Amino acid sequence: VQILGTTETDACLAIGLSHTTNALSPSLKFVKQAEGTIGNHSVTVADDEELGKIQAYGSDTADSDTLSSEIAFNIDDDGVGAGTLGGEILLKTSGTDGTLDTAVTIDSSQNVGIGTASPSVPLHILQTDDENGNLLLVGYEARAAILEMHADEGDDDADKWRQFASADGSYYLESYSTGSWVAHYKIDANSRISLSNNDSGTSNT
């Protein structure tokens, strides 16, 4: 099926559903059978097998068959059985050299890998170039950047900590054990260090 047009309206595919049940929604479904006969399900799909993909192409100087990016839906399960299919989603982008590479992986354990196809923890970021690892967190204009950590599902206050970079150039290490955020360590914009909110008046220079 091809949909060709010269405007966004006549070059789009819309899927709509009118229903009063919240659990129902429009869907786009891919189905992959591992046996060559339609309707025959005797052979299971294999680990790493691709089930479907969404691809984006653009025109270059020769044609419109140049792939820019892709979302792939794969199997991540080496023990496929009846009613069980471990899955993964791969987000791929093409570099300026035309090579399509996996940028983000979400595996069957719900681990997310950035720069790695085999994330070993819930968030695994791998620097693939010969550079330092870098994770950038940017706050909105005139607002702070905060990295918050709860040790065990955040079911109490004693295990809550955060690093806090304020808009005035100060850096804080804070805990929430008293029911509100308290700074235990602070470096202000003038490089003065404070411990437990008592300014020591010392400098790190």
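Bear in mind that the values here come from a model prediction, so they are computed numbers and not experimental data. Heavy-atom basis, side chains included; hydrogens, waters and symmetry copies ignored.
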Min side-chain heavy-atom separation [X]-[Y] under 4.5 Å:
X	Y	answer
N111	S120	no
P119	D107	yes
L85	V80	yes
R162	L147	no
I71	K92	no
Y57	S68	no
L135	I125	yes
L24	L17	yes

Identify the two heavy atoms, one from [X] and one from [Y], that lie closest to each other, and give their separation to 0.1 Å.
X	Y	answer
L137	A145	O-CB, 3.7 Å
K160	W181	O-CZ3, 3.9 Å
L67	S94	O-CB, 3.7 Å
A72	K53	CA-CB, 4.1 Å
I75	L51	CD1-CD1, 3.7 Å
C12	E8	CB-O, 3.3 Å

More than 12 heavy atoms of other residues, nucleotides or ligands under 6.0 Å from [atom1] of [X]: is that the case?
X	atom1	result
D97	CG	yes
E131	CD	yes
Y140	OH	no

TODO: Evaluate the criterion side chain to side chain contact (heavy atoms under 4.5 Å, CB included) for residue pair I114 and L123; output intermediate values, then yes/no.
DONE: CA-CA 8 Å; I114 301 176; L123 177 60; 4.2 Å; yes

- [ ] Taking Q110 for its side chain and S108 for its backbone only, find out whether a donor-acceptor pair lies under 3.5 Å.
- [x] yes

TODO: Taking T116 for its side chain and G113 for its backbone only, find out whether a donor-acceptor pair lies under 3.5 Å.
DONE: no

Could you pull out all donor-acceptor pairs under 3.5 Å where a side-chain atom in residues 34-47 meets a protein atom, sequence neighbours excluded?
{"from": "E35", "atom 1": "OE1", "to": "T37", "atom 2": "N", "distance (Å)": "2.6"}
{"from": "E35", "atom 1": "OE1", "to": "T37", "atom 2": "OG1", "distance (Å)": "3.2"}
{"from": "N40", "atom 1": "OD1", "to": "S42", "atom 2": "N", "distance (Å)": "2.9"}
{"from": "N40", "atom 1": "OD1", "to": "S42", "atom 2": "OG", "distance (Å)": "2.7"}
{"from": "D47", "atom 1": "OD1", "to": "D77", "atom 2": "N", "distance (Å)": "2.8"}

Distance in Å, [X] [atom1] paired with [Y] [atom2], rounded so as to fall on 0.5 Å steps:
X	Y	atom1	atom2	value
I106	D76	CD1	CG	11.5 Å
L195	K186	CG	NZ	12.0 Å
D60	T66	CG	OG1	3.0 Å
F30	E50	CZ	CD	9.5 Å
D10	L4	CG	CG	9.5 Å
T102	L100	OG1	CG	7.0 Å

- [ ] Using the rule that two of Ile, Leu, Val, Met, Phe, Trp, Tyr join whenever any of their side-chain heavy atoms come within less than 4.5 Å, decide whether I146 and M149 are in one cluster.
- [x] no

Open item on the list: Count I, L, V, M, F, W, Y as connected when their side-chain heavy atoms are under 4.5 Å apart, and connections chain through other members. Are V104 and I54 then in the same cluster?
Closed with: yes

Task: Charged N-O contact under 4.0 Å between E49 and K32 - done: yes

[X] side chain to [Y] side chain, donor-acceptor N/O pair below 3.5 angstrom:
X	Y	result
S170	D168	yes
Y171	Q163	yes
S64	S59	yes
D157	S177	no

- [ ] Evaluate the side-chain hydrogen bond (donor to acceptor under 3.5 Å, both in side chains) criterion for residues E174 and Y176: first the C-alpha distance (whole Å), next the side-chain angles of each, then the deciding distance (0.1 Å), finally the verdict.
- [x] CA-CA 7 Å; E174 302 180 332; Y176 199 77; over 6 Å; no

Open item on the list: Quick one, L173 with F164, criterion side chain to side chain contact (heavy atoms under 4.5 Å, CB included). Give me CA distance, side-chain angles, the key distance, then yes/no.
Closed with: CA-CA 6 Å; L173 179 62; F164 184 104; over 6 Å; no

Task: side chain to side chain contact (heavy atoms under 4.5 Å, CB included) between N134 and N132, worked out - done: CA-CA 6 Å; N134 186 22; N132 295 323; 6.0 Å; no

- [ ] Evaluate side chain to side chain contact (heavy atoms under 4.5 Å, CB included) for S166 paired with Y172, printing each intermediate quantity in order.
- [x] CA-CA 8 Å; S166 66; Y172 300 83; 3.9 Å; yes

